[in-house]
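What follows is one structure encoded as structure tokens, with my remarks underneath.
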There are 2 protein chains.
Amino acid sequence: MRPLIHPPVEAITVEGILHALSDPVRVQILAGIIKAECPQSCAKFQMVKNRELPKSTLSQHFKVLREAGLIRCERKGVELHNSTRYAEIRERFGPLLTAILDAYAAEQR
Amino acid sequence: MRPLIHPPVEAITVEGILHALSDPVRVQILAGIIKAECPQSCAKFQMVKNRELPKSTLSQHFKVLREAGLIRCERKGVELHNSTRYAEIRERFGPLLTAILDAYAAEQR
DNA sequence: TCCGTCGTTCGGTATTTTGGAACTATTGAA
DNA sequence: TTCAATAGTTCCAAAATACCGAACGACGGA
């Protein structure tokens, strides 16, 4: 199993972020990770929008989020611990991520 | 030729906006339309990033922007006049669009 | 009416996404 | 030390999406 790829902050792109967050499943995953106060396993998000996601699809979604620089993943025993890179992204891109998440949240209602 | 589709503001989605703007060509087109003080024809954007875009591709990009609710297109004689829906979107989604465009602009440097 | 221009649509190819099945890494228990 | 269970990844084929050349449609001007 090849090691997980995390881009350095300087390599994170707006294009990558927008692409990653143009999928509602990934938005929901990211929002869940941000809301939680401790790192979350992937399996926590198998059920999204009343639908069971196949494991391979879920794994792909995490890969996209990871390679866009939105989350950080560390092996902890048998599972992965996913945490947000919110702070780094805010430092580099200002209010971008906040605006996106707020807009999605506002849309829900 | 079927009529051009413009979603009503209420039908505009964050997902659609992010998808449309996750392509740098479309971002450049939108930025150009916003910057100009009068409506722009599609042909104005045939040259993007030192590259000649095929007409059919350009047309697709405009369609995506239009159906995401980001621009409005009106026939004016033989050409289309494209203008931004910035104001409507800000009304509905707050700083989202501004944050995206700013982030792209900041990334350029 | 004919021509030139601007843009759309069609259809084939290329790229991306999806998801089932097989696989890997790690833990805990026998 | 082996075995089974769990969490994720990888492989690969099928479905969906993007790309772009060529044909087409709509309009204005000569």
Side-chain angles (χ1 to χ4, degrees), chain A residues 1-6 13 15-30 32-33 36 38-68 70-83, chain B residues 1-6 13 15-30 32-33 36 38-49 51-68 71-83:
Chain A
M1 220 164 267
R2 47 192 91 124
L4 305 178
I5 294 165
H6 293 90
T13 67
E15 181 178 348
I17 292 175
L18 295 200
H19 171 250
L21 298 183
S22 65
D23 182 315
V25 169
R26 289 193 288 262
V27 173
Q28 189 137 325
I29 292 173
L30 179 63
I33 290 175
C38 66
Q40 300 293 295
S41 71
C42 300
K44 283 267 172 63
F45 301 96
Q46 250 159 242
M47 193 59 129
V48 160
K49 291 170 189 278
N50 292 329
R51 213 166 74 83
E52 178 83 18
L53 281 182
K55 287 200 311 173
S56 54
T57 303
L58 192 63
S59 178
Q60 277 309 305
H61 284 315
F62 273 91
K63 183 181 181 190
V64 171
L65 289 170
R66 197 164 56 229
E67 298 187 353
L70 288 164
I71 63 175
R72 190 180 300 283
C73 315
E74 295 180 88
R75 273 212 165 283
K76 274 289 154 48
V78 74
E79 42 183 49
L80 286 191
H81 279 188
N82 299 284
S83 53
Chain B
M1 218 164 273
R2 45 192 91 122
L4 305 177
I5 293 166
H6 293 91
T13 66
E15 181 179 347
I17 292 176
L18 295 201
H19 169 250
L21 298 183
S22 66
D23 182 314
V25 169
R26 289 192 290 261
V27 173
Q28 188 136 326
I29 292 173
L30 179 63
I33 291 174
C38 66
Q40 299 293 296
S41 72
C42 299
K44 282 268 172 61
F45 300 95
Q46 249 159 247
M47 195 59 129
V48 160
K49 291 172 190 278
R51 214 167 72 83
E52 179 82 18
L53 280 182
K55 287 199 312 176
S56 53
T57 303
L58 192 63
S59 178
Q60 279 309 305
H61 283 314
F62 273 91
K63 184 180 180 188
V64 171
L65 288 170
R66 198 164 56 228
E67 297 187 354
I71 63 175
R72 190 180 300 285
C73 315
E74 294 180 88
R75 273 210 167 284
K76 274 289 154 48
V78 72
E79 41 182 53
L80 286 191
H81 279 187
N82 299 284
S83 52

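Order of the sequence lines fixes the chain letters, A, B, ..., with proteins taken first and strands second; residue numbering starts at 1 for each chain. Fair warning: this is a prediction, and the values are worked out from it, not measured in the lab.
- Remark: A/C73 pairs with A/L4, A/H6, A/R66, A/I71, A/L80, A/N82 by the side chain to side chain contact (heavy atoms under 4.5 Å, CB included) rule, at least two apart or across chains.
- Residues meeting the side-chain hydrogen bond (donor to acceptor under 3.5 Å, both in side chains) test with A/K44, sequence neighbours left out: A/Q40.
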Taking distance alone, no hydrogens or angles, what donor-acceptor pairs closer than 3.5 Å link side-chain atoms of residues 19-28 of chain B to residues at least two apart or in another chain?
unit_1 : atom_1 : unit_2 : atom_2 : d
B/S22  : OG     : B/H19  : O      : 2.8
B/D23  : OD1    : B/V25  : N      : 2.7
B/R26  : NE     : B/A20  : O      : 2.7
B/R26  : NH1    : B/H61  : ND1    : 3.2
B/R26  : NH2    : B/H19  : O      : 3.4

Practice task
Could you please spell out the steps behind the side chain to side chain contact (heavy atoms under 4.5 Å, CB included) verdict for A/I29 and A/F62?
Solution key: CA-CA 8 Å; A/I29 292 173; A/F62 273 91; 3.7 Å; yes
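- Counting 5' to 3', DNA chain D first comes under 4.0 angstrom of a heavy atom of chain A and last does so at the ends given by D/dT6 to D/dC11.
- Residues passing the side chain to side chain contact (heavy atoms under 4.5 Å, CB included) test with A/Q60 are A/K63, sequence neighbours excluded.
- Residues passing the side-chain hydrogen bond (donor to acceptor under 3.5 Å, both in side chains) test with A/E15: none are found, sequence neighbours excluded.
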Handout entry: Protein-to-nucleotide contact annotation, 5' to 3' order, nucleotides 4-16 of chain C [B base; S sugar-phosphate only; - none; under 4.0 Å, heavy atom]
Key = -BSBBBS------
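- Residue pairs meeting the salt bridge (charged side-chain N to carboxylate O under 4.0 Å, His left out) criterion with at least one partner in residues 71-81 of chain B, sequence neighbours excluded, are B/R72-B/E88.
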